[in-house]
Amino acid sequence: MLSRLRQILRFIRPSARGQTQEATDAATVRQLRARGVQIGEGCRIYSTEFSTEPYLVRLGDGVGVAGGVKFLTHDGSARLLRPRRPMIQSFGRIVVGDDSFIGENAILSPGTTIGRNCIIGAGAVVHGTIPDNSLVIGNPGQIVGRASTFLYRLEQGKNTLDTFGLPEPTRRAMILAHFGMPDDTVEGTTG
Amino acid sequence: MTNVSESVLDAIRNAAGSGERPLAADLLLDEDLGIDSLDFVQLVQAVEERLDIVVSDEAAAGVKTVGELVALADAAVRATGKSPPDAP
């Protein structure tokens, strides 16, 4: 089962958006590593919000991080204690296991450990330890079931297509056709 | 009706927010009851906890109707060799 999940989650195929996007993705990983984030192989990361202690974040292999995800490595409320401890700060490491996916705008609190093969839903606020193969949604983040259950279901979803890696015009045409929408694109008007 | 089917139907009613409405076996979980993929994961979890079983993800992925989920749960309970818990 885990190898199947890896097939689904690991981003090893050529990018849907071509070599330019591949290069951009690689550059993002390089920059984050230069800031001290520990990043495994085969990761796709679309967030740069790794707080002021990026060296406290470790991502395993094959991790996907969507845009807007925040890795909070310190607790800003500690500043309220500065009248009596002027230099106080409170920190927490964040660890994300292999082949996990963090959805758009999720927030990972200091001290969060996410296991392998997990899915963190968009906007979830996660704290504490999340076991392997968990699906977490909401604020506060709740484990609602197995990530593998979700992925198998997703794979058979009526709107799940095989469009990744296709040239954008082909991909767009397939998606529009799937939804029964006309493709009235005028060349040069798409973003 | 067996304890297993009662338990599963109760879990489906909770997931769908359908109250005490009768649930025909051929009702589609998604289109008829509005149970989306996230709801479905929670539904499977609820069924597993109620019946103390583990349902195969692969088999669960193919479930489309109320009756198919009941049948899947029933098979999982039988595979354990234990008596199903009391109905809710």
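Order of the sequence lines sets the chain letters (A, B, ...), proteins ahead of strands, with each chain counted from 1.
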Student: I'd like to know whether CZ of B:Arg13 has more than 12 heavy-atom contacts from other residues, nucleotides or ligands below 6.0 angstrom.
Tutor: yes
Student: Look at atom CZ of B:Arg78 and say whether more than 12 heavy atoms of other residues, nucleotides or ligands are closer to it than 6.0 Å.
Tutor: no
Student: Considering residues, nucleotides and ligands other than A:His74, do more than 12 of their heavy atoms fall under 6.0 Å from its NE2?
Tutor: yes
Student: Please classify the contact of A:Leu154 with chain B as side chain, backbone, both or neither, using a heavy-atom distance under 4.5 Å.
Tutor: neither
Student: Relative to chain A, which of B:Ala46, B:Ala60, B:Ala61 shows the most heavy atom pairs under 4.5 Å?
Tutor: B:Ala61
Student: What part of B:Glu49 gets within 4.5 angstrom of chain A, counting heavy atoms only: side chain, backbone, both, or neither?
Tutor: neither
Student: State whether A:Arg33 and A:Glu41 are salt-bridged, where the test is any N-O pair (Lys NZ or Arg NE/NH1/NH2 against Asp/Glu carboxylate O) under 4.0 Å.
Tutor: yes
